[in-house]
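Residue numbers begin at 1 in each chain, while the letters A, B, ... track the order of the sequences.
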Amino acid sequence: MSAFLTHEPIDLAALIRRVSGADRGGIATFLGLVRNHQDGRAVLRLEYSSYEAMAEAESARIVAEATGRWPVAIALEHRLGALEIGDAAVAVVAASAHRAAAFEACRYVIEEVKRRVPVWKKEFYADGSVEWVDPTRMAAPIVTAPGQ
Amino acid sequence: MSAFLTHEPIDLAALIRRVSGADRGGIATFLGLVRNHQDGRAVLRLEYSSYEAMAEAESARIVAEATGRWPVAIALEHRLGALEIGDAAVAVVAASAHRAAAFEACRYVIEEVKRRVPVWKKEFYADGSVEWVDPTRMAAPIVTAPGQ
Amino acid sequence: MTVGPSTSARTLTLKVLLFATYAEQAGRESVVLTLPDPATVADVLHHLRSSVPGLDRLPIQPLAAVNQAHARLTAPVRDGDEVAFLPPLAGG
Amino acid sequence: MTVGPSTSARTLTLKVLLFATYAEQAGRESVVLTLPDPATVADVLHHLRSSVPGLDRLPIQPLAAVNQAHARLTAPVRDGDEVAFLPPLAGG
């Protein structure tokens, strides 16, 4: 059950090694790094949490969809727990003999992960406030205290 | 003149660090690895050579085109000299606040590099033959001896 | 804790999982719920909103999952299912 | 080495660079060429093919560059230009 979720720092080079075979010379990757601001507010750190069993199952479904649709091998990892600014929160690696397939599969996987994998992000701001990030809202709402 | 060409192993993590800023949380990369076969023949090793002054100039033009067209920072490196199977020959990193821009710019740069940057590849095969790779031919021609 | 009507002829018992803001609003991460059979995800939502303090603030149409897969509000639920309501996803 | 006609009124002198298969065919990596002015990249190609041993095998329409930028065969060349003929590119 720990194929796609990790509490450790993401090791992109290790993920690349996992999928780059003799036949797969084209490697497209996507890394999502923690930014130091959200809607104009300074972020100090954040915590990712998840519905882990479903996140693993949904990630496996997404990877299966991608490998069924393109001739690729996929590595996918999403980090949970406390992250610092600049840390990688998610990594996707798509390796293929075909460059176009690697790019398309990599893009597909990250888009579907963001759309479907149950992960939530709690941000801790420089002004002391804390908030669960809601990407469906255009701008951040008024501060919500933790535990409220 | 050594901005884009290198004779050293490509360090993807260093390239990512070079372009990933506080505002650029989306990092798309492409790595081209040396494959162990070409048109069905086993490759032992290969050598990349270049028209270096033009390769630098053309690479700079491609990067300028990408950064003019998308809100991205780009790192690009092509390795020259003797490479082993599995080594990275080329790396492109596109960093942006916008995931779509990172992917599109990364793809643009690698496509243009392959189309426009003057680099040549000499492959040394398991059967003792040596050949300059010609991607414009569908299949490899009869063996050409080195220096011929 | 079991919440729900007790007068139904046939019932189904579900475990409902809550996460992130929803868990904070409810003050808990799971609820065991017994409902008349048949029932849909929407019925589960309705019972949660009306019977669990704090969950009256759940949105009208939250993301939902049944047995660790996304599900529509019209999807049926069966005895023993694991139902979850998911705040807006923010991974990646 | 200078290769080219000696009877023109005005001439231009170019450095021509050769790479990979083309350099191996010519047995050299550069040629200095003097041509009647005006001239195009195609004129440079024609002179190379007819006067440098081994370069008669150059393709009819190779990739070309003038002063480190891609150029069409119809592009003019000027005195002092660096002209290059490029075998099929194989980078990346």
Side-chain angles (χ1 to χ4, degrees), chain A residues 1 4-5 10 30-35 38 46-62 76-80 83 88-92 107 109-123 130-137 140-141 144-148, chain C residues 1 13-33 40-42 44-45 48-49 52-92:
Chain A
M1 291 301 291
F4 301 109
L5 299 175
I10 289 175
F30 181 79
L31 270 184
L33 307 184
V34 175
R35 289 172 301 174
Q38 175 80 19
L46 47 73
E47 286 175 11
Y48 280 97
S49 60
S50 177
Y51 176 8
E52 296 197 20
M54 178 176 169
E56 291 286 358
E58 195 69 20
S59 296
R61 285 189 282 267
I62 292 167
L76 165 62
E77 209 163 77
H78 200 300
R79 188 172 168 191
L80 300 179
L83 273 73
V90 65
V92 179
R107 182 81 190 271
V109 169
I110 187 63
E111 298 297 337
E112 295 304 297
V113 164
K114 287 182 165 270
R115 202 169 68 83
R116 293 161 50 185
V117 174
V119 169
W120 299 279
K121 179 164 61 170
K122 196 177 208 175
E123 289 186 335
V130 177
E131 192 169 293
W132 290 101
V133 173
D134 180 355
T136 65
R137 283 188 289 213
T144 302
Q148 185 180 322
Chain C
M1 174 183 143
T13 300
L14 307 165
K15 183 173 189 183
V16 180
L17 303 181
L18 301 168
F19 298 93
T21 43
Y22 299 170
E24 291 184 354
Q25 286 167 15
R28 69 182 69 180
E29 296 185 336
S30 67
V31 179
V32 173
L33 203 65
T40 64
V41 174
V44 178
L45 177 63
L48 279 182
R49 289 171 60 91
V52 178
L55 290 189
D56 55 322
R57 288 190 288 159
L58 279 178
I60 303 300
Q61 298 198 0
L63 284 179
V66 175
N67 297 333
Q68 303 165 11
H70 288 286
R72 296 172 186 274
L73 294 184
T74 54
V77 290
R78 296 182 177 79
D79 189 60
D81 279 353
E82 178 177 294
V83 178
F85 291 101
L86 314 174
L89 308 185

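In this structure, C:H70 NE2 and A:R61 CZ are separated by 7.5 Å, a value rounded to the nearest 0.5 Å. Taking CG of C:L86 as the reference point, atom OH of A:Y51 lies at 7.5 Å (rounded to 0.5 Å). Residue A:R116 holds its CZ atom at 12.5 Å from CG of C:L63, rounded to the nearest 0.5 Å.
Other residues, nucleotides and ligands place no more than 12 heavy atoms under 6.0 Å from the CZ atom of C:R72.
Using modelled atom types, one side-chain atom of A:W120 and one backbone atom of C:P87 make a donor-acceptor pair closer than 3.5 Å.
In terms of heavy-atom pairs under 4.5 angstrom with chain A, the leader among C:A65, C:G54, C:A69, C:G92 is C:G92.
Heavy atoms of C:L89 lying under 4.5 Å from chain A belong to its backbone as well as its side chain. For chain C, the nearby part of A:V117 is the backbone; its heavy atoms alone come within less than 4.5 Å.
You'll find the side chain of A:E56 stays beyond 4.5 Å of the side chain of C:Q68, heavy atoms only.
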